[in-house]
Q: 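Below you will find the structure I want to go over with you.
Below, chains carry the letters A, B, ... as their sequence lines are ordered, and counting in each starts from 1.
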Amino acid sequence: MTVRTRFAPSPTGYLHVGGARTALFCYLEARRHGGQFILRVEDTDRERSTDAAVQAILDGMAWLGLSHDEGPFFQTQRFDRYRQVAEEMVAAGLAYRCYCSKEELEAMRSDQEARGLKPRYNGYWRDRKDAPPPGVKSVIRFKNPAHGEVVVDDRVRGRVIFDNAELDDLVIWRSDDSPTYNFGVVVDDADMRISDVIRGDDHLNNTPRQINIYRALGHTPPRFAHLPMILGPDGAKLSKRHGAVSVLAYRDEGFLPHALLNYLVRLGWSHGDQEIFSMAEMTALFSTDDVNQSASRFDVEKLRWLNQHYLKTLDPATIASEFTWHLQQQGIDPSQGPASEDVIVALRERVHTLKEMAERARVWFEPLTHYDAAAVAKHLTAAAAAPLAAAKAALDAAPWTVAGIHAALESAAATLGIGLGKVAQPLRVAMTGTQVSPSIDHTVYLAGKREALTRIDAALDRIGGS
RNA sequence: GCUCCCUUCGUCUAGCGGUCAGGACGUGGCCCUCUCAAGGCUAAAACACGAGUUCGAUUCUCGUAGGGAGCGCCA
């Protein structure tokens, strides 16, 4: 049987990291087995679904590179199909019309809760042959089996058994003429021949109801795998309160899509002690058998470490375009300064995100106007004049490469009989106005020869003028 | 309240009856060093609790406690 998985978000908000991990696992499972990954938008709730959210989800998936083989399908475009199935079920006696008002259901619930029972529909219209009350719009309810149990052989939870007595007759068709979630998924998963349903474990309790519907419809249920939740750093449900939850927010914060993917794949899944996975490794190694059962917390620090790992190890050319995007986000014109690849090489061991990198890169793309007072006080002193002058002379004659600059500065220091640090620190302040920057050779190199010499003169002027 | 799920260092996890309970992030220390980093070495740090099964439980079973999910004409 070919493996077919689907990611089925409801477009009521952005693609968040929990959804992204579910999508990733579905994607990997399909790829691993040479099957298909299907994207389906569950927008039956017209009140809360928005086009903007649909677009945000599509954008998020695209940014992550989780490409689907079929879809996106939209449930709102399949209403005729759901209606047809629902009507057939009524005709076949598998479902029935219920005329209870919301007030009646409300009363039923509060009464049951008062008696310490689980609130459930009591089946009032299940076998009633009365004429329906006039003027009341009906819903259609599924005739859930009253007895017996439903066994879910979940691929990550193991065998979970539910008693049918705990389940009630759920609504499958609303009075406003639209299908409900638990009905739509079953019809779709059956029609789309989904072999493996991989989703968050908040759906585990829905599974027995869905299995009963599959059976009623004469279908064999798919295999299920319920993933543990991803919680916030404090162990509470992940929400905006925890900072970024939207996948695109991570892009804006300067994370590489693969770093996020690598981070997410290790939340709930592992392959021995391995932490770093290429997409090829993920697809080759992923298995629901290795998914664990306990919820995990989202730890940005580890994500940052992974992001830096990829910044350091990827070919600079492959991240150059994302980097220049971040420069532009910060109002920096990438065309006016050093080559992006050179900047990346100089900064990638010093930052964790592309956003930080862009912030730190500004000094080489714009004129130097601000000098940190403490840096000036400490390093642009009379004692720095000679080293700076020597550096200037040496640089003027040096081939403009990182190695050439390095050699020139070393010999300038040697000639003066001082350590490189005595030259580098004043020079660093001259180049950047601060005491912190990449190694001095890179720092000078990125400024460009003309600008580097100009900045030395400016520093010399400051020393002379003070 | 009822049903279901979960429980190894602060965090992510390995473990699938006998291990000095391993790795990673983070944290501390040392080394390296032109600043900051990166890197190397190193340290501290965990089996929620109680019964049972067993020669032997982190591992299997059952309780307890704690956490989570569901109980909608939301998905």
Q: With 3.5 Å as the limit, what N/O pairs link the protein to nucleotides 24-29 of chain B?
A:
unit_1  : atom_1 : unit_2  : atom_2 : d
rC25(B) : OP1    : W305(A) : NE1    : 3.4
rC25(B) : O2'    : K302(A) : N      : 3.3

Q: Side chains of D196(A) and R155(A): does their closest heavy-atom pair fall under 4.5 Å?
A: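 Of all side-chain heavy-atom pairs linking R155(A) with D196(A), at least one is under 4.5 Å.
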Q: Give me the distance, rounded to whole Å, that separates rG26(B) from rU19(B) when you measure between the C1' atoms they each carry.
A: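 Each nucleotide's C1' atom is 26 Å from the other's.
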Q: What pairs with A459(A) under side chain to side chain contact (heavy atoms under 4.5 Å, CB included), at least two apart in sequence or on another chain?
A: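 Here the qualifying residues are L380(A), L388(A), A430(A).
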Q: It should be established whether K312(A) places a side-chain nitrogen or oxygen under 4.0 Å from OP1 or OP2 of nucleotide rG39(B).
A: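 Affirmative; the distance criterion is met.
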Q: Does rU13(B) have OP1 or OP2 sitting under 4.0 Å from an N or O in the side chain of N292(A)?
A: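 It does, given that an N or O in the side chain of N292(A) lies less than 4.0 Å from OP1 or OP2 of rU13(B).
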Q: Hey, does L267(A) reach any base, or is it just sugar-phosphate, or nothing, if we go heavy atoms under 4.0 Å?
A: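 Sugar-phosphate, no base atom in range.
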Q: Y99(A) and W125(A): ring-ring contact (aromatic ring centres under 6.0 Å, His included), yes or no, with the steps?
A: CA-CA 7 Å; Y99(A) 299 87; W125(A) 287 94; 5.0 Å; yes
Q: Taking atom C1' in both rG70(B) and rC20(B), compute the distance separating them and give it to the nearest angstrom.
A: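 Result for the C1' pair: 44 Å, nearest Å.
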Q: Select base, sugar-phosphate, or nothing to describe what R109(A) touches, counting heavy atoms under 4.0 Å on all strands.
A: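 Answer is sugar-phosphate: R109(A) comes under 4.0 Å of backbone atoms only.
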Q: If you compare every side-chain N and O of S439(A) against the phosphate oxygens of rC36(B) (OP1, OP2), does one of them come in below 4.0 Å?
A: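 So the side chain of S439(A) is outside the cut-off, no N or O lying under 4.0 Å from OP1 or OP2 of rC36(B).
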Q: When all nucleic acid strands are considered with a 4.0 Å heavy-atom cut-off, which category describes H226(A): base, sugar-phosphate, or nothing?
A: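 Answer is nothing: H226(A) stays at 4.0 Å or more from every strand.
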Q: Within the 4.5 Å heavy-atom criterion, are P316(A) and R348(A) side-chain neighbours or not?
A: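 A side-chain contact under 4.5 Å exists here.
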Q: In the strands shown, is rC34(B) matched to any nucleotide by a Watson-Crick or G-U wobble pair with both distances under 3.5 Å, and which?
A: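 Base partner found: none.
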Q: For RNA chain B, determine which residues of residues 163-172 of chain A have any heavy atom closer than 4.0 angstrom to one of its atoms, and list them numerically.
A: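 The stretch gives E166(A), V171(A) as the residues lying under 4.0 Å from the strand, ordered by number.
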Q: In whole Å, what is the span from the CD1 atom of I230(A) to the C1' atom of rA69(B)?
A: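 Nearest whole value for this atom pair: 15 Å.
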Q: Considering only atom P, compute the distance from rG15(B) to rC73(B) and round it to an integer number of Å.
A: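 Taking atom P in both rG15(B) and rC73(B), they lie 42 Å apart.
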Q: Counting N and O atoms only, with roles assigned by atom type, does the side chain of H258(A) sit under 3.5 Å from a partner on the main chain of F277(A), one being a donor and the other an acceptor?
A: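 Present.
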Q: Please enumerate all residues that pass salt bridge (charged side-chain N to carboxylate O under 4.0 Å, His left out) together with E359(A), with sequence neighbours excluded.
A: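 Not a single residue meets the salt bridge (charged side-chain N to carboxylate O under 4.0 Å, His left out) criterion with E359(A).
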Q: Answer with base, sugar-phosphate or nothing: what part of the nucleic acid does R297(A) contact at a heavy-atom distance below 4.0 Å?
A: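 It contacts sugar-phosphate atoms only.
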Q: Looking at D202(A) and rA75(B), is any side-chain donor or acceptor paired with a base atom of the opposite kind under 3.5 Å?
A: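 Between rA75(B) and D202(A), which were checked side chain against base, a qualifying N/O pair under 3.5 Å is absent.
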Q: Can you tell me how the ring of Y250(A) sits relative to the ring of F298(A), calling it parallel under 30°, perpendicular over 60° and tilted otherwise?
A: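 Tilted, since the angle between the ring planes falls between 30° and 60°.
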Q: Quick check on the 6.0 Å ring-centre criterion: do F37(A) and F7(A) meet it?
A: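 No.
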Q: Indicate for each nucleotide in nucleotides 58-66 of chain B, in 5' to 3' sequence, whether protein heavy atoms under 4.0 Å reach the base (B), only the sugar-phosphate (S), or nothing (-).
A: ---------
Q: Between rG40(B) and rA48(B), how far apart are the P atoms? Round to whole Å, please.
A: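 Comparing P positions in rA48(B) and rG40(B) gives a spacing of 32 Å.
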Q: Without swapping roles, check the side chain of N307(A) against the backbone of H352(A) for a donor-acceptor pair under 3.5 Å.
A: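 At least one qualifying donor-acceptor pair exists.
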Q: Roughly how many Å apart are rU59(B) and rC6(B), using the P atom of each and rounding to a whole number?
A: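 After rounding to an integer number of Å, I get 15 Å for this pair.
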Q: Can you list the steps and then say if Y82(A) with D188(A) is a side chain to side chain donor-acceptor pair (under 3.5 Å)?
A: CA-CA 9 Å; Y82(A) 307 131; D188(A) 282 345; 2.7 Å; yes
Q: Tell me what S175(A) touches on the nucleic acid: a base, only sugar-phosphate, or nothing, going by heavy atoms under 4.0 Å.
A: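 Base contact.
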Q: Only pairs with both distances under 3.5 Å count, Watson-Crick or wobble alike; so what is the partner of rC25(B) in this structure?
A: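 When the pairing criteria are applied, rG10(B) turns out to be the nucleotide that pairs with rC25(B).
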Q: Write down the partner of rU19(B) under the Watson-Crick or G-U wobble criteria, each distance required to be under 3.5 Å.
A: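 Paired with rU19(B), as far as the under-3.5 Å criterion goes, is no nucleotide at all.
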Q: Heavy atoms only, 4.0 Å cut-off, all strands: where does F162(A) land among base, sugar-phosphate and nothing?
A: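 Sugar-phosphate, backbone atoms only, no base.
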Q: Going by heavy atoms in the side chains, are P228(A) and R157(A) under 4.5 Å from each other?
A: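 A side-chain contact under 4.5 Å exists here.
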Q: Report the residues that fulfil side chain to side chain contact (heavy atoms under 4.5 Å, CB included) with S294(A), sequence neighbours left out, ordered by chain and then residue number.
A: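 Listed in chain order: N292(A).
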Q: Within the structure shown, what part of the strands sits under 4.0 Å from T44(A) by heavy-atom distance: base, sugar-phosphate, or nothing?
A: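 Since only primed, P, OP1 and OP2 atoms lie under 4.0 Å of T44(A), the category is sugar-phosphate.
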Q: Could you measure between the two C1' atoms, the one in rA43(B) and the one in rA75(B), and give it in whole Å?
A: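 Here rA43(B) and rA75(B) have their C1' atoms 49 Å from each other.
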Q: Tell me the interatomic distance from Y121(A), atom OH, to rU3(B), atom P, rounded to whole angstroms.
A: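 Distance check: Y121(A) OH to rU3(B) P gives 24 Å.
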Q: Write down the distance separating the C1' atoms in rC25(B) and rC16(B), rounded off to the nearest Å.
A: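 The answer is 25 Å between these two C1' atoms.
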Q: D176(A): which residues meet the salt bridge (charged side-chain N to carboxylate O under 4.0 Å, His left out) condition with it, sequence neighbours left out?
A: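 Testing D176(A) for salt bridge (charged side-chain N to carboxylate O under 4.0 Å, His left out), a comparison that skips the adjacent residues, returns none.
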Q: Does any donor-acceptor pair link the side chain of T180(A) with the base of rC73(B) at a separation under 3.5 Å?
A: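 For T180(A), whose side chain was compared with the base of rC73(B), there is no donor-acceptor pair (under 3.5 Å).
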Q: List the residues meeting side chain to side chain contact (heavy atoms under 4.5 Å, CB included) with L94(A), not counting sequence neighbours, and say none if there are none.
A: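 Per chain and number, L94(A) pairs via side chain to side chain contact (heavy atoms under 4.5 Å, CB included) with M89(A), A92(A), A216(A).
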Q: V17(A) and side chain to side chain contact (heavy atoms under 4.5 Å, CB included): which single residue from L303(A), L264(A), T22(A) fits?
A: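 Among the candidates, only L264(A) passes.
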Q: Could you check whether any side-chain N or O of E104(A) sits under 3.5 Å from a backbone N or O of S101(A), counting only pairs where one atom can act as donor and the other as acceptor?
A: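 Yes; at least one donor-acceptor contact below 3.5 Å.
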Q: Have a look at G184(A) and say if it touches a base, only the backbone sugar-phosphate, or nothing, with a 4.0 Å heavy-atom cut-off.
A: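 No contact.
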Q: Measure from NZ or CZ of R78(A) to the centre of the six-membered ring of F73(A), then state whether that distance is under 6.0 Å and the direction lies within 45° of the axis.
A: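 Not satisfied by the 6.0 Å and 45° rule.
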Q: Within residues 72-82 of chain A, find the residues that approach RNA chain B with a heavy atom at under 4.0 Å, and present them sorted by residue number.
A: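 Those residues whose heavy atoms fall under 4.0 Å from RNA chain B, taken from residues 72-82 of chain A, amount to none.
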Q: What pairs of residues pass the side-chain hydrogen bond (donor to acceptor under 3.5 Å, both in side chains) test when at least one of them lies in residues 139-149 of chain A, not counting sequence neighbours?
A: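 Every side-chain hydrogen bond (donor to acceptor under 3.5 Å, both in side chains) pair that includes a residue of residues 139-149 of chain A, provided the two are not neighbours, is N144(A)-N164(A), N144(A)-N212(A).
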Q: Mind checking Q112(A) for me? I need base, sugar-phosphate or nothing, with any heavy atom below 4.0 Å counting as a touch.
A: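 Answer is nothing: Q112(A) stays at 4.0 Å or more from every strand.
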Q: With sequence neighbours left out, which residue pairs that include part of residues 427-438 of chain A fulfil the side-chain hydrogen bond (donor to acceptor under 3.5 Å, both in side chains) condition?
A: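 Sorted result for residues 427-438 of chain A: H379(A)-Q435(A), Q425(A)-R428(A), R428(A)-S437(A), T432(A)-T434(A), S437(A)-T443(A).
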Q: Any N or O donor-acceptor pair linking the side chain of R350(A) to the base of rC36(B) at under 3.5 Å?
A: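 Answer is yes: a donor-acceptor pair is held.
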Q: Does rC60(B) have a Watson-Crick or wobble mate here (both distances under 3.5 Å), and if so which one?
A: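 Across any shown strand, rC60(B) pairs with rG52(B).
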Q: Work out how far the C1' atom of rA14(B) is from that of rC47(B), and round it to whole angstrom.
A: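 About 13 Å, rounded to a whole number of Å.
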Q: Measure all distances between protein nitrogen or oxygen atoms and nitrogen or oxygen atoms of nucleotides 5-9 of chain B, and list the pairs falling under 3.5 Å.
A:
unit_1 : atom_1 : unit_2  : atom_2 : d
rC5(B) : O2'    : R157(A) : NH1    : 2.3
rC6(B) : OP1    : Q293(A) : OE1    : 2.5

Q: NA contact type, P438(A), heavy-atom cut-off 4.0 Å: base, sugar-phosphate, or nothing?
A: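 Result for P438(A) = base.
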Q: With a non-hydrogen cut-off below 4.0 angstrom, is S296(A) in contact with a base, only sugar-phosphate, or nothing?
A: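 The answer is sugar-phosphate, as S296(A) gets under 4.0 Å only of primed atoms, P, OP1 or OP2.
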